[in-house]
Amino acid sequence: MSSPPSTPANDDLADDSGPARDSLRTGTILRGSSALSASVLVVAVGGALFWAIAARVASSEDVGRVAALSSTTVFLVYLTALGLVPVVARYGSGNARAERVVYNRASLVAIAASSTGAVIISIVGSAADVETLQPVESAIGTFAFAVVAAGSAFTVLAEIHLLSQGRYRWIVGRAVLAAVVSVALVALGPIEGNPLALFLAGPGVAAASGLIVGTLSQGGRVDRFAIRPVPDDVRTILRYLSVSWTGSLVSKAAPTALPLVVALSVSSEANAGFFVAWNIALVIFVIIQNLGTTLLADGGRTSALEGQTRHALLLGSGVATLMVIVTQFGSPLVEQVYGTSYADSVDVLRVLVLAAVPLVFYAVAYAVAQVRHLSRAMIGLPLVLTTSVYLPLLVTGNVTVMSAAVVWVIGVTIAGAAGIAILFALRGRSFTPNGKLASVRSIPEG
């Protein structure tokens, strides 16, 4: 796959003058991250309504089983699709045939891996008589689980593909479609006593929406499903994939495993309080990380990378600071909404949300490292985060809901400081979108 032509927007992008310069208001960082954040909020509101209705029309046992299946699906997506996001963003975002081949092949890998993983989990779970996997202990249930896992993995790549092309309405539209249909099905459909139907009405609809929108958005191009020929620089792509996949898995390890560590270390009552606070804070963290995702998808393509980086830092710092202030004053609503048994969630949430500001610098620095193909930073920065979060827990051996919240803030703060150091070191360094750098180590070209 040939490198992009040299233009004022992607030639020496250390200089933000001339046509390469854009404003925060009109730039892709604001528009792209706003679309992703709108999608997250729609999903959050739709999910809250879905589970609230499900709790009334289905038994708590069935809801628990579906929640376990949903968590398993998320874990499969974490293992299969998230590591492919940087490759799609950097090499498979356009409409040239070679870029479509990269996107289509990445999608096939994600679909095959996630569906295979779902089948294996179903078989092993059935043999071990795992109660939470009972809804898929049949040929139909296993097939449905595999399809939902595959659709969920594809949805992740389809959204990054649309984001790279600036097709924000498709992203928000998919979220709205999934939320409306899921809520309608759980409210009107035959859900009671049928956990598999409940699973299909929730995660199943979300996965189907990704498959539908991802396919329709490709239009009627003859080569929209092309998987050949193999791009000329496939060796470069595979080198980048090996590093980005490792970095992505390490980067997501800290937020993915921390709730599990807490759940295994404290009482169920205490874990419920942490779970509520963590999921509220997680929405804030995802909104912050959307800035990094947008920077990864469009870094240096439509305007200067350094300008885009400044926009991401300014926007992220402002949003994070506002969210911290609002949460400090608004967190008592958690107790009022969920009840007095969740009083501890208030203080935990107030601590957790403090990580929002340093998370901005970590997310932006990590995205810049991915855009510039800095292999050491792509692996080293996530290692700093994961080590900083889990090392104190391992050393002290004392895991409580508050200690988990504190070490999360400390770990993200240390990782944010490392991100600042990386961004400072990269000031003024020239950049071109094909990964060649001046005075900075990059993944070698194939």
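Keep in mind that what you see is a predicted model, and the values were worked out from it rather than measured.
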Peer 1: Check whether Ser114 reaches the backbone of Ile111 with its side chain - one donor and one acceptor, N or O, closer than 3.5 Å.
Peer 2: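 Indeed, once roles are kept as given, a pair shorter than 3.5 Å links the two residues.
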Peer 1: Quick one: OG on Ser107 to CZ on Arg100, what's the gap to the nearest 0.5 Å?
Peer 2: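 Rounded to the nearest 0.5 Å, the OG-CZ separation comes to 11.0 Å.
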Peer 1: Is a side-chain N or O of Thr386 found less than 3.5 angstrom from the main chain of Val250, in a donor-acceptor match?
Peer 2: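 Yes; at least one donor-acceptor contact below 3.5 Å.
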Peer 1: Determine the minimum heavy-atom distance between Leu349 and Ser331, stating which atoms define it.
Peer 2: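 Minimum heavy-atom separation between Leu349 and Ser331: CD2-CB, 4.0 Å.
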Peer 1: Would you find more than 12 non-hydrogen atoms of other residues, nucleotides or ligands less than 6.0 Å from Tyr390 atom OH?
Peer 2: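 Above 12, so yes.
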Peer 1: Ignoring hydrogens, what is the shortest heavy-atom contact between Ala81 and Leu157? Give both atom names and the distance.
Peer 2: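 Looking at all heavy atoms of both residues, the closest pair is O-CD2, 3.7 Å.
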Peer 1: To the closest 0.5 Å, what do you measure between OG1 (Thr293) and CD1 (Ile288)?
Peer 2: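 If we round to the nearest 0.5 Å, Thr293:OG1 and Ile288:CD1 are 11.5 Å apart.
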Peer 1: Nearest heavy-atom pair of Leu200 and Ala144: which atoms, and what distance?
Peer 2: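 In terms of heavy atoms, the two residues are closest at CD2-CB, 4.0 Å.
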Peer 1: Check this for me: Ile140, atom CD1, are more than 12 non-hydrogen atoms of other residues, nucleotides or ligands nearer than 6.0 Å?
Peer 2: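 No, the 6.0 Å shell around CD1 holds no more than 12 heavy atoms from other groups.
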Peer 1: Could you tell me the separation between the CG atom of Leu76 and the CG atom of Leu82, rounded to the nearest 0.5 Å?
Peer 2: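 Rounded to the nearest 0.5 Å, the CG-CG separation comes to 11.5 Å.
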Peer 1: Could you label the plane-to-plane angle of the Tyr240 and Tyr91 rings as parallel, tilted or perpendicular, counting under 30° as parallel and over 60° as perpendicular?
Peer 2: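 Geometry flag for Tyr91 against Tyr240: perpendicular rings.
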Peer 1: Got a second to check how far Leu249's CG is from Leu79's CG, nearest 0.5 Å?
Peer 2: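 Nearest 0.5 Å value for the CG-CG distance: 7.0 Å.
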Peer 1: Do the non-hydrogen side-chain atoms of Leu258 and Trp278 ever get within less than 4.5 Å of each other?
Peer 2: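 In contact.
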Peer 1: Indicate yes or no for a side-chain donor-acceptor contact from Thr321 to the backbone of Gly318 under 3.5 Å, with no hydrogens or angles considered.
Peer 2: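 Flag not set: sc Thr321 to bb Gly318 has no pair under 3.5 Å.
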Peer 1: Would you give the length of the straight line joining atom OG1 of Thr142 to atom CD1 of Ile120, rounded to the nearest 0.5 angstrom?
Peer 2: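 The distance works out to 12.0 Å.
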Peer 1: Assess whether side chain to side chain contact (heavy atoms under 4.5 Å, CB included) is satisfied between Leu41 and Ile287, documenting all intermediate values.
Peer 2: CA-CA 9 Å; Leu41 292 175; Ile287 290 175; 4.1 Å; yes
Peer 1: For residues 155-166, pull every pair meeting side chain to side chain donor-acceptor pair (under 3.5 Å), keeping only residues two or more places apart or in separate chains.
Peer 2: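 Only Asn95-Gln165, Glu159-Arg174, His161-Gln165, Gln165-Arg167 qualify under side chain to side chain donor-acceptor pair (under 3.5 Å).
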Peer 1: Which atom pair, heavy atoms only, marks the closest approach of Ala187 to Ile53?
Peer 2: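 Distance-wise, the nearest heavy atoms are CA-CG2, 4.0 Å.
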Peer 1: Measuring from atom CZ of Phe75 to atom NZ of Lys252, what distance do you get when rounded to the nearest 0.5 angstrom?
Peer 2: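 The CZ atom of Phe75 sits 14.5 Å away from the NZ atom of Lys252.
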Peer 1: Which label fits Phe145 and Phe199: parallel for a plane angle under 30°, tilted from 30 to 60°, or perpendicular past 60°?
Peer 2: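 Perpendicular: the ring planes of Phe145 and Phe199 meet at over 60°.
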Peer 1: Can you give the donor-acceptor pairs under 3.5 Å from side chains of residues 359-370 to other protein atoms, not counting sequence neighbours?
Peer 2:
from	atom 1	to	atom 2	distance (Å)
Tyr362	OH	Ser251	OG	2.9
Tyr366	OH	Gly247	O	3.2
Tyr366	OH	Ser248	N	3.2

Peer 1: Do Thr309 and Leu426 have side-chain heavy atoms sitting under 4.5 Å apart?
Peer 2: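 No, every pair of side-chain atoms sits at 4.5 Å or beyond.
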Peer 1: Using only atom types and a distance under 3.5 Å, with no angle test, would you say the side chain of Ser242 pairs donor to acceptor with the backbone of Arg239?
Peer 2: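 Pair found, side chain donor or acceptor close to backbone of Arg239.
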Peer 1: Does any N or O in the side chain of Ser39 come within less than 3.5 Å of the main-chain N or O of Val172, such that one atom is a donor and the other an acceptor?
Peer 2: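 Between the backbone of Val172 and the side chain of Ser39 there is no qualifying donor-acceptor contact (under 3.5 Å).
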